[in-house]
Amino acid sequence: MSGLADLHSHSTFSDGRLTPTQLIDLAHGNGVRVMALTDHDTVDGLPEALEAAGRYSDLTLIPGIEMSTDVPGNEVHILGHFIDRHDKAFLRRLEKFQESRRGRAQQMVEKLVQLGKPVTWERVQHFAGEGAVGRPHIALALVEAGHVASVNEAFHLYLSRTGPAYAERDRLNPDEVIELLRSVGGLATLAHPRELRAAGGLEDLLTGLKRAGLTGMEVYYQDYTPDEVEFFRRLAEKFDLLPLGGSDYHGLGNPQQREPGDIPLPMEPVERLVAIAREGGVLPRAQGPHAR
Ligand code: AMP
Ligand code: ZN
Ligand code: FE
Ligand code: FE
């Protein structure tokens, strides 16, 4: 395989601003030849993405998903690649997560009203469209109402985990999510580990995740510096995880945002991921951080 790879992106089916077709056209135009659509808690954008990718004979589209999980004091996002998007039990679980996202977004709207920064549920739903509702949609409603100047400011002032309008939603723990992804043939990758490194305890977390069946860790991500990339590359090696990554493109215009393909992810670990998936899915359960 040649060209660029990008294993993390969002469309209008969650909180991205481009439809799967627009996203794939943009990525292909940028030189991306292996790409994954990883919308939050939904696989509903995958049929359109697969169809759009099918128009390019030199583009491989990996069906993916991003799931949010909780650990004490922090949230851990896990990407699943090569999931079976038809599995009935999996789809029922995802529908529950969508419901929980809706209930939680309504709670956050309520909190904003109490804070004197009202937005309406109708406008939040408008920005979410047919997709899984998320905090970026509330942020867009806050910008529209003139309460903040940007999506970033909305997170900074109100919507972050420690912000005054934040509300929790149902989440699984990371081990449960890895098990769920593996149950539908998915290969699990820890997303954007920088915040987790800053919070401390990343190595302990990785020990547990590896035991639960983690396959990769994002090493190449958005604005990670060469030093950070080197740090996470070594950590991935230590825990026998594939060093993967992606742009996490949403098209929301955040300053840290990169275009699809604009990350220095080498093709070699991506080829290994594809090979593992072809060999029949998930790796055998590891006995320790170094076991295969
Ligand atoms: P949710 O899925 O509703 O918990 O929202 C999480 C999403 O919000 C992430 O995937 C990002 O797209 C976005 N997000 C999280 N933190 C920030 C931030 N500080 N600035 C802008 N967007 C953010
Ligand atoms: Zn997002
Ligand atoms: Fe994420
Ligand atoms: Fe993401």
Side-chain angles (χ1 to χ4, degrees), residues 5-20 23 27 35-46 49 62-71 74-81 83 94 97-98 100-102 104-105 108 124 127-141 143 150-152 154-155 159-161 166 169 171-172 174 177-178 181 186 188-199 202 205 209 214 216-224 232 244-263 265:
D6 191 331
L7 301 182
H8 187 166
S9 67
H10 297 273
S11 77
T12 46
F13 283 84
S14 63
D15 52 4
R17 301 308 288 164
L18 298 186
T19 66
L23 178 69
M35 142 148 216
L37 177 64
T38 53
D39 276 316
H40 297 281
D41 296 336
T42 182
V43 294
D44 292 351
L46 292 175
I62 298 173
I65 193 166
E66 178 171 17
M67 302 194 73
S68 309
T69 76
D70 245 350
V71 292
N74 220 327
E75 59 184 284
V76 171
H77 292 186
I78 308 272
L79 300 171
H81 294 112
I83 43 162
L94 296 182
F97 286 117
Q98 305 298 331
S100 155
R101 279 180 167 278
R102 284 191 287 271
R104 175 266 204 146
M108 292 183 71
V124 173
F127 287 115
E130 61 198 319
V133 66
R135 280 179 287 166
H137 303 122
I138 304 174
L140 289 168
V143 173
S150 67
V151 166
N152 259 5
F155 273 89
L159 305 178
S160 73
R161 199 183 167 89
Y166 185 77
R169 62 190 174 89
R171 292 174 207 267
L172 302 174
V177 163
I178 292 173
L181 293 170
T189 286
L190 175 64
H192 42 71
R194 181 163 67 189
E195 292 73 19
L196 299 168
R197 177 192 184 190
L202 178 55
L205 177 71
L209 298 185
L214 194 72
M217 175 167 73
E218 284 195 315
V219 165
Y220 308 90
Y221 182 82
Q222 287 189 350
D223 58 351
Y224 283 16
F232 290 117
L244 302 172
S247 61
D248 200 2
Y249 183 78
H250 283 74
L252 287 167
N254 293 329
Q256 71 276 16
Q257 186 73 79
R258 291 292 182 277
E259 284 267 312
D262 189 13
I263 37 143
L265 169 61

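Computed from heavy atoms alone, side chains included, the values below leave out hydrogens, waters and symmetry copies. Whatever order the structure lists ligands and atoms in, that order sets their numbers, starting from 1.
Interatomic distance, CD of Q222 versus CG of N254, reported as 8.0 Å (0.5 Å rounding). Distance OG1/T38 to NE2/H10: 4.5 Å, rounded to 0.5 Å. Here N152 contributes atom CG and L159 contributes atom CG; the two are 11.0 Å apart, rounded to the nearest 0.5 Å. If you take CG on D223 and OG on S247, they are separated by 12.0 Å, rounding to the nearest 0.5 Å.
The atom name of the N/O/S atom in H77 closest to the Fe ion (ligand 3) is ND1. Looking at D248 and the Fe ion (ligand 4) together, the shortest N, O or S contact belongs to OD1. The Zn ion (ligand 2) is closest to atom OD2 of D15 (considering only N, O or S atoms). Taking the Fe ion (ligand 4) as reference, the nearest N/O/S atom within E66 carries the name OE1. Shortest distance from the Zn ion (ligand 2) to H250 is reached at NE2 (N/O/S atoms only).
At a threshold of 2.8 Å, the Fe ion (ligand 3) has no backbone or side-chain N, O or S atom of H40 nearer than that distance. Inclusion of H8 in the first shell of the Fe ion (ligand 3) is not supported: no N, O or S atom falls under 2.8 Å. Taking 2.8 Å as the criterion, H192 does not count as a coordinating residue of the Fe ion (ligand 4), since none of its N, O or S atoms falls below it. For H40, the nearest N, O or S atom to the Zn ion (ligand 2) falls under 2.8 Å.
Taking each heavy atom of F13 and T42 in turn, the nearest pair found is O-CG2, 3.4 Å.
Salt-bridge formation is detected for the pair R169/D41: a Lys NZ or Arg NE/NH1/NH2 atom is positioned less than 4.0 Å from an Asp or Glu carboxylate oxygen.
Considering only heavy atoms from C-beta on, L181 stays 4.5 Å or farther from I178 through its side chain.
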